[in-house]
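Data first, discussion second: the structure below is written as structure tokens.
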Amino acid sequence: MSAPAIRVSDEVQEAVRQGRPVVALESTIFTHGLPRPRNLEVALEAEESLRAQGVVPATIGVFAGRPTVGLSTEEITKLSEEDDVAKVSLRDLPVVSTLGLHGGTTVAATAFLAHRAGIKVFSTGGLGGVHHGAAQTFDESADMTTLAQTPVLVVSAGVKSILDVAATLERFETLNIPVLGFGTTKYPGFYVSDSGHEIAYSISTPEEAAAVLASRDALELPQAVLIANPVAEDKQLPPAELDAILARAWEQAERAGISGNDTTPFLLDFIQRDTGGRSLEVNIAVYRGNVALGGRIAAALTR
């Protein structure tokens, strides 16, 4: 008999079976998003902080071709230290599985694997969305279409400020994906607590988030529920400074002829260099806040 396509750790399987709180965590944050050794520190800290809340962490990635829900500490360490780890979206899963590759899973792939394992809550940093100029390039993240058909709850700090936030919110509406602010109707912009765009609904407690999820399930709707959790104002990048940095970054990208898939890593690297690494600390603060809130929502779901 062949091994199952998805490996779920014994701890995660048992927690899901018993109805205990579980939070899914993605792996691209430590395979592609953060420099060494901070990447491993942040990955392990996220797991430890959930355990301290009485929540089971389920870090998700691809290890030696096996999509895995509940990576071990040794596997997380290996993926954090390897140079040739693939960035795996949903479309890539069958390919990296066949080729036996290591992979860090994006929001799309992580949400899919979490749902397949019976996990209802997923905490991440920022979501993918619509890129500037998408009307010509059709450059939109697979996160959106995947979340339109994957019934999990995702805690994020909005989408990265380098994206077209207005167009992304329009796409969420078209795809019937509800977006709820946690304690706010101002949609966050990852590095900043307010992207300048309003959303229609907000909730103020983890219990309200759990109730929305229960209502979604009672209606048998297929899409994710997005909880937009802004970074604390005292930890954000000053909005005016970020606007100026982005203007310089876009100008330099255009001058260098950078386009397509190369644009996002270029812009993020520019922001990090231009802020002297301060954007990295904001990134980590964002993630910590979302992991903590995800844990509280997962606990509320089990009460």
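Count residues from 1 along the sequence. The figures that follow rest on heavy atoms only: side chains count, while hydrogens, waters and symmetry mates do not. No experiment lies behind these values; they were computed from the predicted model shown.
Distance check: S195 OG to Y187 OH gives 7.5 Å after rounding to the nearest 0.5 Å. The structure places CG of N39 at 11.0 Å from CD1 of I76, a figure rounded to the nearest 0.5 Å. The line from CD1 of I245 to CD of Q272 is 11.5 Å long, rounded to the nearest 0.5 Å. A distance of 12.0 Å separates OG1 in T146 from NE2 in H115, rounded to the nearest 0.5 Å. Taking CD of E82 as the start and CZ of F63 as the end, the distance is 8.0 Å to the nearest 0.5 Å. For the atom pair S89 OG and F112 CZ, the distance stands at 11.5 Å (nearest 0.5 Å).
No donor-acceptor pair under 3.5 Å is formed between the side chain of Q223 and the backbone N or O of Q149. With hydrogens and angles ignored, the 3.5 Å screen pairs a side-chain donor or acceptor of R278 with a backbone N or O of T275. Counting only distance, with no hydrogens or angles, the side chain of R216 and the backbone of P151 share a donor-acceptor pair below 3.5 Å. Counting only distance, with no hydrogens or angles, the side chain of T302 and the backbone of A299 share a donor-acceptor pair below 3.5 Å.
Between V154 and A224, the shortest heavy-atom distance links the atoms CG2-CB, 4.5 Å. A pairwise comparison of heavy atoms in H197 and A166 identifies CE1-CB, 3.5 Å as the closest pair. Considering every non-hydrogen atom in both D143 and G128, the closest pair reads OD2-N, 2.8 Å. Taking each heavy atom of S156 and L127 in turn, the nearest pair found is OG-CG, 3.5 Å. Residue T31 comes nearest to G104 through the heavy atom pair OG1-CA, 3.5 Å, listed as atom of the first residue, atom of the second, then distance. Contact between S123 and G294 at its shortest, heavy atoms only, is OG-CA, 3.3 Å.
Side-chain atoms of S49 and E45 form no donor-acceptor pair, as typed in the model, at a separation below 3.5 Å. In this model, no donor atom of one side chain and acceptor atom of the other lie less than 3.5 Å apart for E11 and S9.
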D83 vs R36, salt bridge (Lys or Arg N to Asp or Glu O under 4.0 Å): CA-CA, chis, key distance, verdict: CA-CA 11 Å; D83 289 326; R36 298 174 187 143; 2.9 Å; yes
Evaluate the criterion side-chain hydrogen bond (donor to acceptor under 3.5 Å, both in side chains) for residue pair T185 and E198; output intermediate values, then yes/no. CA-CA 6 Å; T185 55; E198 291 280 328; 3.1 Å; yes
Trace of the salt bridge (Lys or Arg N to Asp or Glu O under 4.0 Å) decision for K235 with E281: CA-CA 8 Å; K235 289 185 168 64; E281 298 309 314; over 6 Å; no
Residues S204, E208; criterion side-chain hydrogen bond (donor to acceptor under 3.5 Å, both in side chains); working and verdict: CA-CA 7 Å; S204 55; E208 286 182 324; 3.2 Å; yes
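In this structure, H102 and D84 have side chains that are not in contact, with every pair of non-hydrogen atoms separated by 4.5 Å or more. A 4.5 Å side-chain heavy-atom check between L44 and F30 finds every atom pair outside the cut-off. Inter-residue side-chain proximity for K160 and L268 is flagged as met; some heavy-atom pair is nearer than 4.5 Å. Side-chain contact check for I162 versus I271: some heavy-atom pair is nearer than 4.5 Å. Proximity of V212 to L180: side-chain heavy atoms (C-beta onward) are separated by under 4.5 Å at one or more points. Considering only heavy atoms from C-beta on, E41 comes within 4.5 Å of P37 through its side chain.
One hydrophobic cluster, built from ILVMFWY side chains closer than 4.5 Å, cannot hold both V107 and L93; they sit in different ones. V286 and I227 fall into different hydrophobic clusters, where Ile, Leu, Val, Met, Phe, Trp and Tyr residues are linked whenever their side-chain heavy atoms come under 4.5 Å apart, directly or through other members. L169 is connected to L175 through a chain of hydrophobic side-chain contacts under 4.5 Å among Ile, Leu, Val, Met, Phe, Trp and Tyr, so both are in one cluster. Linking ILVMFWY side-chain heavy atoms closer than 4.5 Å, directly or via other members, places L163 and I29 in two distinct hydrophobic clusters.
Of the candidates V231, N283, V159, F190 forms a side chain to side chain contact (heavy atoms under 4.5 Å, CB included) with just one, namely N283. No option in V69, V12, I6 other than V69 meets the side chain to side chain contact (heavy atoms under 4.5 Å, CB included) test with I60. Among L226, I297, I119, the one residue that satisfies the side chain to side chain contact (heavy atoms under 4.5 Å, CB included) test with L153 is I297.
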